[in-house]
Trainee: 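Mind having a look at this structure? Questions to follow.
Both backbone and side-chain heavy atoms feed into the values below; hydrogens, waters and symmetry mates do not.
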Amino acid sequence: MKRTQHGMTLVEVLVAIAIGLIGILIITQAYLASDSFNRSTLGEGGAQTNGTIALYTVQRDLRMSGYGMADSRALGCGNIQWYYNGAYSGNIAGGTLPNLTLAPVLITAGAGAPDTITIMYSTDANRMVPGTLTKPMPDPSAELNVDGTVGFEAGDLVLLVSDTAPVTCTLEQLTTVQTSSSKIQHNPGASAPYNPPGGGSLFSSYGTNSLVFNLGNPIVHMYSVVKTDATCVTGCQGSLRLTDGILQGGAGTPYDLLDGIVDLKAQYGKDNGVDNGTVSHTTYTANDGIVDSYDSTTPATASDWQQVLTIRLAVLARVGNYEKPATAGGNCAATTAMPTWSGSTGSPFNAIDVSTASS
């Protein structure tokens, strides 16, 4: 007697599995496409946010640049002579500490690389008007005779600026303020690591009428862009780095602030009467309070520094999720137009590959 057979044949099972696999493949492709669009949207928003924060961070320091030291009598002194805890600055024979240029903003242009911006200003200073030496201070001395001690306090860092050419400047730390005799001292010791032993015989001497600027606790912030992966050659991701505490600690402590920043460019806006094609004017007149040109050439004299009215800054933020090229070996589907400065046709990012910059 034949038994009734129930179930599916092997062919039916294979067909069902094939249909299921096709469905799973379609769903997976739809999910991957949706996730790609989602990551692109989030990546673009993240890049814009990082770029905005980077600009805001640097701009906040730029607004403070030169505070307490932007004096025409000091800006032409060049590199500061300074000492910290057994070491001298590099502009003194055998010095190992970094050279610091007395300037509100110093742009170090990178050839085919991001620029570096160094911003300097004073904080916690109770005296904005510089003091004046009433007697000469020979180089081994640690005593300054000034025209008044108001606003000077022990622990403040002061900047000595000579009144004769070539202008020199030296950083010292106050240890004693003698109000009755109008004297301030910068004696060496453990509590004053910025004062060399013996009164600083390697430092310059300063004569009558030399200036004494009270910097309080000066700030030197250096902004740069570094590769996230040091071994990367092209199309590299980067970070905005802040090196802080050069004066406070005798050595820079780097902090990586933001990821995805791959380039940084800056230029001085100068009221120098020069038409170099970066500003559109009918007339170009020096010292009329209007920016005539932009460039990254460092001013050489105090009068040149006084012509710097503004700084323009650009950062390039990259999306981590790259757009795939439309064709093999071609550019990505995003725009390949190089960004330009406002009011200028020149691109601030000539060193960056267009195809990777626009990804």
Side-chain angles (χ1 to χ4, degrees), residues 67-69 71 73-74 77-102 120-163 167-220 244-253:
Y67 180 73
M69 61 183 69
D71 191 296
R73 295 167 292 180
C77 81
N79 287 333
I80 300 173
Q81 298 177 348
W82 65 294
Y83 169 94
Y84 182 81
N85 201 23
Y88 285 89
S89 53
N91 56 338
I92 297 176
T96 57
L97 295 178
N99 284 329
L100 298 176
T101 301
L102 182 63
M120 183 182 297
Y121 55 91
S122 66
T123 62
D124 304 326
N126 295 318
R127 178 177 179 136
M128 291 293 100
V129 178
T132 304
L133 292 186
T134 57
K135 293 182 180 179
M137 188 204 76
D139 53 9
S141 174
E143 186 173 77
L144 301 172
N145 293 271
V146 292
D147 57 352
T149 60
V150 176
F152 290 111
E153 296 181 358
D156 289 344
L157 292 176
V158 297
L159 188 73
L160 301 173
V161 179
S162 63
D163 66 326
V167 180
T168 58
C169 48
T170 302
L171 189 73
E172 301 280 7
Q173 187 172 16
L174 297 185
T175 55
T176 306
V177 177
Q178 302 175 14
T179 304
S180 58
S181 58
S182 293
K183 295 180 180 180
I184 53 179
Q185 296 181 350
H186 51 91
N187 300 308
S191 61
Y194 294 95
N195 297 335
S201 58
L202 295 181
F203 286 160
S204 301
S205 58
Y206 291 87
T208 304
N209 297 323
S210 293
L211 301 175
V212 185
F213 290 84
N214 185 12
L215 304 184
N217 182 32
I219 297 296
V220 177
D244 194 4
I246 295 180
L247 289 179
Q248 290 78 358
T253 302

Trainee: On a heavy-atom basis, which atom in P188 and which in P196 lie closest, and how many Å separate them?
Mentor: CB-O, 3.5 Å
Trainee: Between N99 (side chain only) and N91 (backbone N and O only), is there a donor and an acceptor less than 3.5 Å apart?
Mentor: yes
Trainee: Taking the side chain as C-beta and beyond, is there a heavy-atom pair between E153 and N126 under 4.5 Å?
Mentor: yes
Trainee: Indicate the atoms forming the closest heavy-atom contact of C169 with G78, along with that distance.
Mentor: SG-O, 4.4 Å
Trainee: Determine whether a donor-acceptor pair (N or O, by modelled atom type, separation under 3.5 Å) exists between the side chain of S122 and the backbone of G216.
Mentor: no
Trainee: Which side-chain N or O atoms in residues 128-136 pair as donor and acceptor under 3.5 Å with protein atoms at least two apart or in another chain?
Mentor:
unit_1, atom_1, unit_2, atom_2, d
T134, OG1, N145, O, 3.4

Trainee: With respect to C77, which candidate in L102, L160, T170, T168 satisfies the side-chain contact (heavy atoms from CB on, under 4.5 Å) definition?
Mentor: L102
Trainee: If we only count heavy atoms from C-beta on, is the Q173 to H186 side-chain gap below 4.5 Å?
Mentor: no
Trainee: CG/N209 to OG/S162 distance, rounded to the nearest 0.5 angstrom?
Mentor: 11.5 Å
Trainee: Please name the pair of heavy atoms, one in I80 and one in S89, separated by the smallest distance, quoted to 0.1 Å.
Mentor: O-OG, 3.5 Å
Trainee: Atom CG of L171 and atom CG of L159: how far apart are they, to the nearest 0.5 Å?
Mentor: 6.5 Å
Trainee: Rounded to the nearest 0.5 Å, how far does CZ of F152 lie from OG1 of T179?
Mentor: 11.5 Å
Trainee: How about W82 and L100: do any of their side-chain heavy atoms sit closer than 4.5 Å?
Mentor: yes
Trainee: How far apart are the C-alpha atoms of N187 and N195, what are their side-chain angles, what is the distance that settles it, and do they pass the side-chain contact (heavy atoms from CB on, under 4.5 Å) test?
Mentor: CA-CA 6 Å; N187 300 308; N195 297 335; 5.5 Å; no
Trainee: Ignoring hydrogens and angles, tell me if any N or O in the side chain of S205 forms a donor-acceptor pair with the backbone of M137 under 3.5 Å.
Mentor: no
Trainee: Does Q178 reach the side chain of I184, with side-chain heavy atoms less than 4.5 Å apart?
Mentor: no
Trainee: Whether the side chain of D163 engages the backbone of L211 through a donor-acceptor N/O pair (distance < 3.5 Å, no angle test) should be reported.
Mentor: no
Trainee: Would you please name every residue forming a ring-ring contact (aromatic ring centres under 6.0 Å, His included) with F213, sequence neighbours left out?
Mentor: none
Trainee: Salt bridge (charged side-chain N to carboxylate O under 4.0 Å, His left out) with D147: which residues, sequence neighbours excluded?
Mentor: R127
Trainee: For a quick test of reading the model, state the closest non-hydrogen atom pair linking N214 to L157 and the distance between them.
Mentor: OD1-O, 3.7 Å
Trainee: Measure the shortest side-chain to side-chain distance between M69 and D71 over non-hydrogen atoms and say whether it is less than 4.5 angstrom.
Mentor: no
Trainee: Should F203 and Y83 be marked as a ring pair (Phe, Tyr, Trp, His ring centres under 6.0 Å) after you check the CA-CA gap, both sets of side-chain angles, and the distance that decides it?
Mentor: CA-CA 9 Å; F203 286 160; Y83 169 94; 7.2 Å; no
Trainee: Please check: side-chain N/O of Q81 versus main-chain N/O of S204, any donor-acceptor pairing under 3.5 Å?
Mentor: yes
Trainee: Whether the side chain of D156 engages the backbone of L174 through a donor-acceptor N/O pair (distance < 3.5 Å, no angle test) should be reported.
Mentor: no
